[in-house]
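If you're wondering where the values come from, they're calculated on a predicted model, not measured in any experiment. Quick note on labels: first sequence line is chain A, next is B, and so on, each numbered from 1.
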Amino acid sequence: MIVLETKELTKRFGGLTAVNAVSMHINEGDIVGLIGPNGAGKTTLVNAIAGLNPPTSGEVITFGQKTTGLTPEKMCRKGLSRTFQIPIPFPKMTVLQNVMTAAIFGNRPGVIKDHAAHSRKMLEFVDFPIHEDTVSEQLNTVQLKRLDLARALASNPKLLFLDELASGLSEGELKDMMELILKIRDHGVTILMIEHIMQLIMNLCNRLVCIQFGTKIAEGTTEEVANDPKVTKAYLGGSGNTEAAAA
Amino acid sequence: MNNSTQTLNPFDKLLDLTCFTPLGLLSLLVLAILPMVPPFNQEYLIRWLISAAFIASMAIAFDFTAGLINIVNFGYCAIMGLGAYTSAILVERLGLSPWLGMLAGGLAAAGMGLMIGMITLRLRGIFAACLAWFFGLALMGLATKLVWLTRGPMGMRVDRLFDTPSNVPFYYLLLAMMVIIYITCKWVTRTHMGVAFMAIGQNMEAARTSGIDPVFYRVSNFVLSCAIGGVLGGFYAHYYGILTPDIMHTSKTVEVLAVAYIGGRGSLWGGAAIAFPFIFAMELIRSSLSDLPGINLVLYGLLLIMVMIYYPGGFAQFFNTYFRQTGNKMASYLFNGVAADTK
Ligand SMILES: Nc1ncnc2c1ncn2[C@@H]1O[C@H](COP(=O)(O)OP(=O)(O)OP(=O)(O)O)[C@@H](O)[C@H]1O
Ligand SMILES: [Mg+2]
C-alpha cells in the first residue's frame with residue numbers, strides 16, 4: 001500500500017526553484033532514504049509535504065487523501081511526524097514537558113489517557129539518557145535530536161520523516177541509532193529519512209530517492225540507486241559530500 | 001508540575017489551589033495590612049500603593065502574552081484605556097453602574113484583543129508587536145480627536161466607584177483584583193492551554209508539527225489578556241475620576257513592560273512582586289528630582305538593559321537560583337511551597 005505520494009511537487013523561493021516537479025512514493029513499512037548533495041532541496045521537499053512550507057504547485061497524497069498545502073498541525077493529526085535537521089525544541093520546558101506537548105496535541109482527544117505516562121514511555125523507547133526534569137536548553141545537539149525524536153513519536157505517527165537524525169553521532173552511537181530506527185519501523189511506522197551517512201543508508205533503507213538541484217534524478221531499490229551513475233556523479237561533482245563519495 | 005500524590009494538609013492544598021507559595025501569601029498579608037500602619041496610612045502613600053498594585057496587575061496580564069506566547073503587546077495600555085473610556089462613557093452617558101461599566105470595559109477590550117489577535121496571526125513576534133502598537137496609537141488618536149465623546153485632552157469627569165474621599169477601599173478592591181488576575185492567569189498555565197501557549201511562544205514550528213493550532217491559542221491568549229486590561233481600565237477610570245488620553249500613551253506600556261521584564265518574563269509573579277518596591281522607588285525619585293522630568297523613563301531603560309544582559313529571566317530567575325535551591329527545609333518550604341512552580 002502506498003502511504004505517501006507526491007506528483008510534480010514544486011517549491012519556489014522567489015526565483016530559486018528549490019524543489020522541481022518531484023514525483024515519488026513511499027510504500028507502507030518502507031524505510032526510504034532521501035539523499036542528495038547539500039542544498040539539493042531535501043529539507044524543502046519534506047517541509048512542503050509536512051506543511052511547514054506549502055508547495056508552489058503539484059500534489060501530495062497522504063494515506064490515500066489529498067493533503068496538498070495542509071497545515072503542519074493537520075498533517076500531524078493525520079499521522080505524520082517529523083524531526084528537525086537543527087533540533088530546537090521548546091527550550092524553557094523540561095524534557096518531559098517537551099514530549100508531553102506532542103502527546104497532548106498530536107493525538108485525537110481521549111486517545112491517550114495519561115499524557116505523562118505516555119511521554120515517559122516514549123523517552124524510554126528512545127533510551128533518553130538524561131533526567132526528565134532537565135530543562136531542554138541545557139542539552140547538547142545529540143541529546144536534542146533524541147528528544148526531538150521522542151517528541152515526534154509521542155503523536156503516534158504512521159509516517160515519520162527524519163531529517164539527518166544521525167549526523168554528528170560517534171561510531172558507537174550510530175549503531176544504537178540504527179537499531180532504534182529499525183525498532184521504530186517494527187512498531188509499524190513507515191519512515192522517510194534524509195541522510196548523508198552511507199553506512200546508515202545502505203544498512204537501513206530498502207528504497208532510495210535521490211535529488212539534485214531540486215530535481216529527482218533516481219528512485220528505486222537501494223542497490224539500483226546506489227549504483228546509478230547519475231547518483232555517483234551527483235555526489236562526486238561540485239557540491240559533493242566526502243562521506244558519501246567515499247562510500 | 002506537581003506530581004506528589006501524598007495528601008496535602010488543608011493549608012498547603014489552599015496554597016496549591018491558589019498558586020501561592022507561603023512567602024507569596026505572606027507578602028500579600030503585608031500588603032493588606034500596610035494601609036493601617038504608619039507611615040503608609042497617609043493618603044499620598046496609599047495612592048502610591050494603588051499605583052503599584054495597578055502596575056502589578058497590568059504586568060501580570062501583560063506577561064501572560066509577552067512571557068508565554070512571546071508577543072509584546074505594545075498597545076496594551078491603549079487597550080486598557082479603551083476599557084477605561086468604554087466604562088466611563090457608559091456610566092456617564094447612559095447611567096450604567098460603574099461595576100457593570102468595568103465589565104463592559106473588559107468586553108470592549110476583549111473584542112479589540114480578538115481583532116488584533118486575528119490580524120496579527122500570520123505575523124512573527126516583532127511584526128505583531130508593531131501592529132499592536134499601531135492599534136494603540138490609533139486608539140489614543142481616537143480618544144484625543146473624538147472630543148464630543150471623550151472631551152479629548154480636556155479630560156472627562158467620571159464618577160468614582162466608592163462615594164468616599166478615602167482611597168483605602170479602592171486599594172483593597174484593586175488588591176483583590178490583582179489576586180484574582182494572578183490566580184486566573186496561573187491556572188490557565190496549568191491547563192493544556194497553558195502548555196500550548198508556552199509551546200507556540202518558544203518554538204512555533206515545533207509547536208505546529210506537534211499538532212498545536214496556533215490560531216486558536218494565540219487569539220485566546222490575546223483576548224484574555226486584553227479583557228483583563230479592559231477591566232483594569234474601568235477601575236482606573238472610576239478611581240481617578242478624570243480620564244485623559246495620555247493614559248493610553250506608549251510610555252505607559254513601556255512602564256508595564258519594564259516592570260514585567262525586570263520581574264521576570266513568563267513567571268507571572270515576578271512583575272507583581274517587584275512592582276511595589278519599584279513604583280515606590282520611582283515615586284521617590286520623581287518627587288526628589290522634580291526638576292528632571294522623564295528621569296524615570298531613563299532609569300527604566302537602564303534597568304531593562306542591565307536585566308537583559310545579566311538576568312534575562314529577571315528577578316524571578318534571580319530568586320529561583322539564589323533562594324529556591326536552598327538546602328534549609330524551612331526556607332525551602334517558605335520559598336517553594338509544595339508545588340514548585342508557584343509564586
Ligand atoms: N526559506 C527559504 N528561503 C529561500 N531559500 C531557501 C529557503 N529554504 C531553503 N532555501 C534554499 O533552497 C535550497 C535547498 O535547501 P534545502 O535546505 O532544502 O537543502 P538540503 O538538501 O536539505 O541541504 P542539506 O543537506 O544541507 O540539509 C537551498 O539553495 C537553500 O538555500
Ligand atoms: Mg536539509
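Here the NE2 atom belonging to B:H192 is positioned 10.0 Å from the OG1 atom belonging to A:T101, to the nearest 0.5 angstrom. A distance of 7.0 Å separates OG1 of A:T71 from CG of B:D213, quoted to the nearest 0.5 Å. Residue A:F161 holds its CZ atom at 12.0 Å from OG1 of B:T209, rounded to the nearest 0.5 Å.
The number of heavy-atom neighbours closer than 6.0 Å to NZ of A:K183, taken from other residues, nucleotides and ligands shown, is above 12. Heavy atoms of other residues, nucleotides or ligands lying less than 6.0 angstrom from CE of B:M308 number more than 12. Heavy atoms from other residues, nucleotides or ligands lying under 6.0 Å from CZ of B:F127 number 12 at most. Counting heavy atoms of neighbouring residues, nucleotides and ligands inside a 6.0 Å radius, atom CG of B:L302 exceeds 12 of them.
Residue pairs meeting the side-chain hydrogen bond (donor to acceptor under 3.5 Å, both in side chains) criterion with at least one partner in residues 194-205 of chain B, sequence neighbours excluded, are absent.
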Output side-chain donor-acceptor pairs under 3.5 Å for residues 58-65 of chain A, partner residues at least two apart or in another chain, one line each.
unit_1: A:T62; atom_1: OG1; unit_2: A:T67; atom_2: OG1; d: 2.6
unit_1: A:Q65; atom_1: OE1; unit_2: A:K78; atom_2: NZ; d: 3.3

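Neither the backbone nor the side chain of A:M75 comes within less than 4.5 Å of any heavy atom in chain B.
Within residues 184-191 of chain A, no residue has any heavy atom under 4.5 Å from a heavy atom of chain B. Contact residues of residues 80-92 of chain A toward chain B are A:R82, A:F84, A:I88, A:P89, A:F90, A:P91, A:K92 (heavy-atom distance under 4.5 Å).
For the set A:R77, A:E73, A:R151, A:M93, the count of heavy-atom pairs under 4.5 angstrom toward chain B peaks at A:E73. If you tally non-hydrogen atom pairs under 4.5 Å between each of B:G313, B:G201, B:G211, B:G266 and chain A, the highest count goes to B:G211.
In terms of heavy atoms, B:S210 sits closest to A:C76 at C-SG, 3.6 Å.
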Tell me, with the steps shown, if B:M198 and A:Q97 meet side-chain contact (heavy atoms from CB on, under 4.5 Å).
CA-CA 10 Å; B:M198 286 183 263; A:Q97 288 170 328; 5.7 Å; no
